[in-house]
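Comments concern the structure below.
Hydrogens, waters and symmetry mates are skipped; everything else that's a heavy atom, side chains included, is used.
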Amino acid sequence: MLLPDYTADQALGVAEALSQCINDICFFWDGHRYSVTASMGIAEFGSSIGISYTDALSLADSACFLAKDKGRNRIQVSHSSDADIYQQLKDMDWVSRLKEAMREDRIVLYAQEIVALSHPETACHKEILSRLIDVDGTLVPPAHLSLRLNDLALLSSLIDISSVRYAKLL
């Protein structure tokens, strides 16, 4: 929702009123009553504060995801200096980079043998490790992927059965 000429505090008031209206909705399904909630992100924009419309959409999107991460029925106001918002933007950037790498077949799978220390000559299992190849062809170290645990659902889609044919044994 765009609220031209509203301050962050005024937008927060509108969001709180909207949230209350959503909370008042009674949803019934199969004889059960369910509550309805909404997570919202707010970001100011305009030439007077030096934030473009595009940047504001990105900040609002990050604020919305952050509100969801912090728990349902929350409103998160975005400030460009907010460390949580900055981390959320970084996480979303990595998710975009991973999706692009998946589309371009730049995910490499490796199989690493797991052996018992008492019988190192016998491999019991293999662990499949995925690595990202950056656009310049370099292998991205796993430590550079700054995804939080909530974003790891995307990584699970990397290990689909058709990708296993690309696995390389270490």
Side-chain angles (χ1 to χ4, degrees), residues 15 19 22-23 27-43 51-52 54-170:
S19 179
I22 292 170
N23 279 339
F27 177 69
F28 292 93
W29 177 260
D30 200 23
H32 299 281
R33 180 182 178 189
Y34 296 93
S35 60
V36 179
T37 62
S39 298
M40 299 178 209
I42 297 174
I51 297 178
S52 71
T54 303
D55 289 342
L57 283 178
S58 180
L59 288 170
D61 193 36
S62 293
C64 189
F65 276 102
L66 190 56
K68 289 177 189 177
D69 285 350
K70 289 184 175 182
R72 58 180 44 165
N73 202 33
R74 293 184 59 95
I75 301 167
Q76 180 74 39
V77 178
S78 173
H79 302 285
S80 57
S81 62
D82 188 336
D84 287 340
I85 294 294
Y86 178 72
Q87 183 62 47
Q88 183 67 35
L89 284 168
K90 279 179 48 178
D91 292 346
M92 290 171 66
D93 181 54
W94 272 110
V95 169
S96 295
R97 287 178 68 183
L98 280 171
K99 286 181 179 179
E100 181 181 331
M102 289 167 59
R103 282 191 301 273
E104 296 174 0
D105 282 336
R106 289 188 289 111
I107 303 295
V108 180
L109 300 177
Y110 294 90
Q112 178 174 308
E113 291 183 349
I114 299 173
V115 297
L117 293 176
S118 58
H119 296 74
E121 69 282 349
T122 307
C124 302
H125 301 283
K126 293 188 180 185
E127 177 182 25
I128 302 295
L129 308 167
S130 61
R131 297 292 180 261
L132 170 71
I133 299 173
D134 217 340
V135 290
D136 64 1
T138 60
L139 204 59
V140 177
H144 285 83
L145 295 176
S146 62
L147 293 175
R148 292 183 292 178
L149 290 176
N150 291 349
D151 298 319
L152 292 178
L154 171 68
L155 291 180
S156 69
S157 66
L158 295 176
I159 310 298
D160 90 2
I161 197 66
S162 64
S163 297
V164 174
R165 68 181 186 272
Y166 297 112
K168 296 179 182 177
L169 294 178
L170 294 177

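Put simply, CG on Leu59 and SG on Cys64 are 13.0 Å apart, with the number rounded to the nearest 0.5 Å. Rounding to the nearest 0.5 Å gives a distance of 11.5 Å between CZ of Arg106 and CG of Leu139. Separation of atoms CG (Leu57) and OG (Ser78) is listed at 11.0 Å; rounding is to 0.5 Å. Atoms NZ and CD1, on Lys70 and Ile75 in that order, are 12.5 Å from each other to the nearest 0.5 Å.
Applying the side chain to side chain donor-acceptor pair (under 3.5 Å) test to Thr54 and every residue at least two apart in sequence or in another chain returns nothing. His119 meets the side chain to side chain contact (heavy atoms under 4.5 Å, CB included) test with Glu121, Thr122; sequence neighbours excluded. Listed by chain and residue number, Ala67, Lys68 satisfy the side chain to side chain contact (heavy atoms under 4.5 Å, CB included) test with Ser39 (two or more places apart in sequence, or in another chain).
Distance alone, capped at 3.5 Å, is enough to place a donor-acceptor pair between the Asp136 side chain and the Thr138 backbone. Not one N or O on the side chain of Ser19 forms a donor-acceptor pair closer than 3.5 Å with the backbone of Ala15.
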- Do Glu104 and Ile133 pass the side-chain contact (heavy atoms from CB on, under 4.5 Å) test, and can you show the C-alpha distance, the side-chain angles, and the key distance before you say yes or no? CA-CA 10 Å; Glu104 296 174 0; Ile133 299 173; over 6 Å; no

- Query: Which is it for Leu132 and Ile107 under the side-chain contact (heavy atoms from CB on, under 4.5 Å) test, yes or no, and what are the steps along the way?
  - Reply: CA-CA 5 Å; Leu132 170 71; Ile107 303 295; 3.8 Å; yes

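Thr37 is listed as a side-chain neighbour of Asn23, based on a closest heavy-atom distance under 4.5 Å.
Contact detail for Leu117 and Pro120: the closest heavy-atom pair is O-CD, 3.4 Å.
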